[in-house]
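To start, the structure itself, in structure tokens.
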Amino acid sequence: MSIYDSLNTEQRKAVEHTEGPVLILAGAGSGKTRVITHRIAYLMDECGVNPWNILAITFTNKAAQEMRERVDKLIGFGAESIWISTFHSMCVRILRRHIQEIGYQTDFTIYDTDDQKTLMKEVCRNLRINTKELRERTILAAISSAKDELLTPRRYQETHQYDFMQKQIGEAYEEYQRLLHKNNALDFDDLLMKTVELFNAREDILRNYQDRFRYIMVDEYQDTNTAQFELVRLLAGTKETGGRNLCVVGDDDQSIYKFRGANIRNILDFEKVYPDAFVVKLEQNYRSTQMVLDAANAVIDNNRNRKSKALWTRKQEGSRIHLRQFNTAMEEASFIAEDIERKKDLQPSLNYRDFAVLYRTNAQARLLEERLIMGSIPYNVVGGTNFYERREIKDMLAYLKVIDNGRDDLAVRRILNVPRRGIGAATVEKVSHYAVVCGDLGFFETLEKLCDGPVTGILSNAALGKIRPFVELIRSFRAELEEGASLEDLMKSIIGKTGYEEYLRDTEEEDADDRLANIDELISKIVSYEEEAQELPDFAEQAGDTSLLTGFLADVALVADIDEMDGNQDRVLLMTLHSAKGLEFPQVYIAGLEDGLFPGYLSINSDDRDAMEEERRLMYVGITRAMDDLTLTCAHSRMLRGEVQYNPVSRFVTEIPDELLDERTGLPEFSSYRTSSQWGGASRPQQSAYPRQSAYRQPAPEPPARRDTRLKAVYVKPHTPDEKKPFIGKASAGLASLQKGMPASEKPDYETGDRVRHVKFGDGTVLAMEKGPKDYKVTVLFDDAGQKIMYAAFARLEKL
DNA sequence: AAGCTATCCATCTGC
DNA sequence: TGGATAGCTT
């Protein structure tokens with residue numbers, strides 16, 4: 001009996017067809033990851049392929065990690081030498097070794113969306129672009145699409161010279177690239193484009209990688225853009241070079257990233273580019289009930305531009321799709337919270353982690369959060385405000401960036417006056433001007449020159465007196481690093497020497513504790529990065545000849561929201577439909593199903609019919625996340641940007657045949673909804689008289705009274721360390737007060753003197769515990785790692 | 001230099 | 001609604 005016996009016929013074909021181009025059209029839940037992992041195992045076990053000759057590209061770091069684990073389980077050895085990574089981290093690895101060939105330094109930094117915006121502001125200032133008429137974001141979007149299509153500034157200008165605005169964009173693009181280069185920085189799109197550029201410039205380097213990656217697999221192929229396609233095409237090579245052993249896996253029905261450059265033609269035309277491609281369709285679904293699949297098929301059937309396929313399952317028919325409509329978004333949110341509890345009561349085997357609530361826009365999370373908190377239901381929100389986008393984290397990272405790459409002007413300017421050093425805009429202006437005069441020196445370099453050299457007449461002595469300590473400070477950090485300080489030590493030194501903690505406490509007493517906790521969290525991320533790097537045999541190879549710090553900063557720049565998701569905690573998960581791709585849950589809610597919200601008004605008003613088709617694919621992705629039970633909800637009115645909006649029921653709901661939708665069991669007051677005219681099966685929602693009053697005037701069902709106490713009991717259960725994350729994102733700042741009352745800040749089950757265990761630091765003794773406003777601050781003396789002060793909620797200490 | 005208020009205006013989705 | 005920013009005050 002072999003590991004391949006568990007595969008179905010089609011899966012097995014896909015696994016065993018190892019040579020030449022292969023296209024696997026894998027419907028949702030058709031065991032795609034199984035196929036890829038088994039294929040890798042097959043290559044190594046049966047075909048004698050070396051693990052280091054295999055490259056597998058996934059969409060997220062999380063997927064990469066999971067794939068490595070699964071391959072590891074399958075073959076037991078050698079999996080660590082396979083390249084499994086995302087496009088972006090693969091490009092970073094390659095560029096770290098070779099980017100000097102195309103004129104950058106190997107310790108380049110990566111700019112995130114925020115940095116891009118800051119840089120673009122400077123571009124617009126330099127070029128006197130009126131940002132009222134042409135917004136930075138518009139320019140950035142245009143540049144991003146250009147890069148996705150591998151258009152250089154020059155090529156862009158050649159093809160966009162007739163329209164004034166496009167001409168301006170062309171110039172902005174050129175200037176933007178100049179500044180990026182000056183800062184030795186790349187943006188996300190550059191990572192791909194520069195790698196292609198490198199391969200085109202240096203055939204020998206390309207040949208090198210072609211020789212190395214004899215077998216290439218690309219997951220989520222429907223979401224690749226032109227640059228990614230080109231990259232893969234180059235690496236796969238020809239029969240002579242590289243071998244063309246390229247296997248792509250995807251589902252055109254799940255292509256949902258057009259807005260970020262994904263080109264659905266990549267998958268639709270794969271057979272045109274590779275006429276000899278072997279094509280396999282995986283249509284058997286192992287995830288969902290027939291009812292869910294029927295709904296998904298019915299919806300996606302309205303799309304014209306697709307390869308036809310139909311999912312089927314051997315799973316039971318399942319219960320019908322639940323559809324609930326409410327007056328307001330508040331009621332909708334309440335219902336979801338209550339329904340989760342109701343289902344758990346009905347089916348005690350269900351855990352919180354079996355539930356996911358999906359929505360179109362991150363803004364919807366807020367209301368849902370509020371109601372979940374009110375119901376004491378533990379949850380996590382995926383995404384929204386990324387951890388690394390928080391101000392205090394960006395400040396810390398900026399220090400690290402300046403220490404690492406003195407040419408990153410943005411970072412220097414960010415921290416120059418943080419904490420306050422009395423260095424203001426006037427001084428910055430003078431310094432940047434002088435930098436230009438000196439022939440485009442870096443900002444920090446200029447500061448150094450002003451401090452060290454006998455330059456006079458630029459800055460007042462008062463200003464110099466403020467700048468000098470800053471320059472010295474950065475130099476001292478660099479010295480520490482050179483003398484072998486760990487990144488952890490460095491971070492602590494930064495906090496200590498800058499007085500960042502006091503700065504936070506002085507300026508924003510309100511959430512200073514949250515922010516400090518975030519910084520603690522950053523430190524523990526650094527610690528685990530350092531540990532992992534030490535364990536990794538080929539770290540040096542990955543990093544080129546750059547430092548640990550450079551590596552850490554790059555890693556940080558490339559984390560996606562979904563990478564941070566922890567599915568192991570017993571919590572309901574809230575996330576956008578986009579983030580949900582690739583995941584599955586027994587119980588799924590899709591909220592906010594209203595025309596104007598989902599599909600969004602932009603796609604409704606768009607001339608491009610494909611915009612609507614993309615929304616529909618998103619709906620398809622949402623539906624197919626459900627294993628057993630799917631609940632669709634919508635509201636007549638919801639508050640959007642400060643005003644109440646009235647939207648008709650989503651057209652996607654009406655695309656689901658009546659017989660797949662349930663009777664409103666248990667909630668009789670809702671049964672009238674379905675009988676109103678707009679719920680008539682396939683008929684389009686009449687965009688008619690909103691708001692409609694009479695039929696919908698019923699209050700949200702009251703929660704059963706007993707619920708609260710019972711829940712709290714669950715919540716506090718000692719073996720369920722369901723701590724709230726101390727940080728409260730911008731998006732949910734208003735929830736902070738609600739959360740304060742939560743049992744989350746319950747006293748930990750250990751006390752001073754107890755022995756405890758930490759995931760990273762090992763065992764230790766609690767020296768002190770101090771109650772902060774939201775959480776306990778615990779001081780622990782670890783046997784190996786020394787003394788640490790941490791927040792109880794983060795530390796996740798386990799009493800021994 | 002830094003903190004405050006008034007005013008504008010907009011954002012879907014994310015590496 | 002709330003964030004970003006311009007312009008004002010101290």
Side-chain angles (χ1 to χ4, degrees), chain A residues 57-64 85-92 110-114 116-118 121 131-132 135-138 140-141 144 147-148 186-192 220 223-225 227-228 255-262 358-367 382-386 388-389 417-418 420-428 462-463 466 506-508 554-563 575-581 592 596-606 611 614-615 617-619 621-622 638-645 730-731 733-734:
Chain A
I57 300 174
T58 58
F59 201 64
T60 63
N61 295 304
K62 186 181 164 60
S85 72
T86 65
F87 271 106
H88 291 274
S89 22
M90 173 181 80
C91 288
V92 171
I110 301 165
Y111 277 180
D112 65 17
T113 319
D114 234 43
Q116 289 179 284
K117 219 175 145 200
T118 315
K121 274 184 195 155
T131 53
K132 284 259 153 61
R135 288 177 205 301
E136 288 96 341
R137 47 180 306 118
T138 314
L140 281 169
S144 178
K147 288 181 177 177
D148 289 342
L186 303 185
D187 66 18
F188 290 131
D189 304 312
D190 277 340
L191 294 176
L192 305 167
E220 305 287 7
D223 284 320
T224 52
N225 63 31
Q228 289 163 333
S255 165
I256 54 174
Y257 281 102
K258 184 168 186 216
F259 71 93
R260 112 186 169 196
L358 311 181
Y359 38 78
R360 180 67 234 270
T361 66
N362 279 124
Q364 291 166 257
R366 204 175 171 153
L367 216 54
V382 175
T385 31
N386 188 318
Y388 295 102
E389 281 162 19
N417 201 30
V418 174
R420 309 261 118 95
R421 298 188 178 90
I423 306 171
T427 309
V428 172
K466 289 168 182 165
D506 290 348
T507 49
E508 41 202 315
D555 253 34
V556 158
L558 296 179
V559 290
D561 288 335
I562 197 70
D563 296 334
M575 69 185 93
T576 62
L577 288 143
H578 281 90
S579 293
K581 193 177 71 164
L597 187 63
F598 185 27
Y601 65 97
L602 290 167
S603 46
I604 293 175
N605 297 330
S606 170
E614 172 132 330
E615 292 284 299
R617 291 193 290 268
L618 194 53
M619 179 67 177
V621 167
R638 77 173 61 231
M639 190 79 110
L640 213 66
R641 297 206 292 259
E643 56 183 335
V644 182
Q645 298 223 330
K730 265 193 251 166

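Every heavy atom of this structure was used, including side-chain atoms; hydrogens, water molecules and symmetry mates were not. Chain A is the first sequence line, chain B the second, and so forth, proteins listed ahead of strands; every chain is numbered from 1.
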Contact class for [X] vs. all strands (heavy atom < 4.0 Å): base, sugar-phosphate, or nothing?
{"X": "A:Asn417", "value": "sugar-phosphate"}
{"X": "A:Gly600", "value": "nothing"}
{"X": "A:Ser579", "value": "sugar-phosphate"}
{"X": "A:Arg135", "value": "sugar-phosphate"}
{"X": "A:Lys466", "value": "nothing"}
{"X": "A:Thr224", "value": "nothing"}
{"X": "A:Ala557", "value": "nothing"}
{"X": "A:Phe59", "value": "nothing"}
{"X": "A:Gly424", "value": "sugar-phosphate"}
{"X": "A:Asp112", "value": "nothing"}

Tell me the interatomic distance from [X], atom [atom1], to [N], atom [atom2], rounded to whole angstroms.
{"X": "A:Asn605", "N": "B:dA10", "atom1": "CG", "atom2": "C1'", "answer": "15 Å"}
{"X": "A:Glu136", "N": "B:dT11", "atom1": "CD", "atom2": "P", "answer": "12 Å"}
{"X": "A:Arg260", "N": "B:dT11", "atom1": "CZ", "atom2": "P", "answer": "20 Å"}
{"X": "A:Ile256", "N": "B:dG14", "atom1": "CD1", "atom2": "P", "answer": "9 Å"}

- Message: Applying the 5.5 Å / 30° rule, does A:Phe259 stack onto the base of B:dT13?
- Response: yes
Measure from the side-chain heavy atoms of [X] and tell me the nearest of [options].
{"X": "A:Lys121", "options": "C:dG2, B:dG14, C:dT5", "result": "C:dT5"}
{"X": "A:Thr113", "options": "B:dC15, B:dC9, B:dC12", "result": "B:dC15"}
{"X": "A:Phe188", "options": "B:dC12, B:dC15, B:dG3", "result": "B:dC15"}
{"X": "A:Tyr257", "options": "B:dG14, B:dA10, B:dC15", "result": "B:dG14"}

- Message: Taking C:dA4 as the reference, what is the distance to B:dT13 when you measure between their C1' atoms (whole Å, please)?
- Response: 22 Å
- Relative to the ring of A:His578, is the ring of A:Phe259 parallel (under 30°), tilted (30 to 60°) or perpendicular (over 60°)? perpendicular
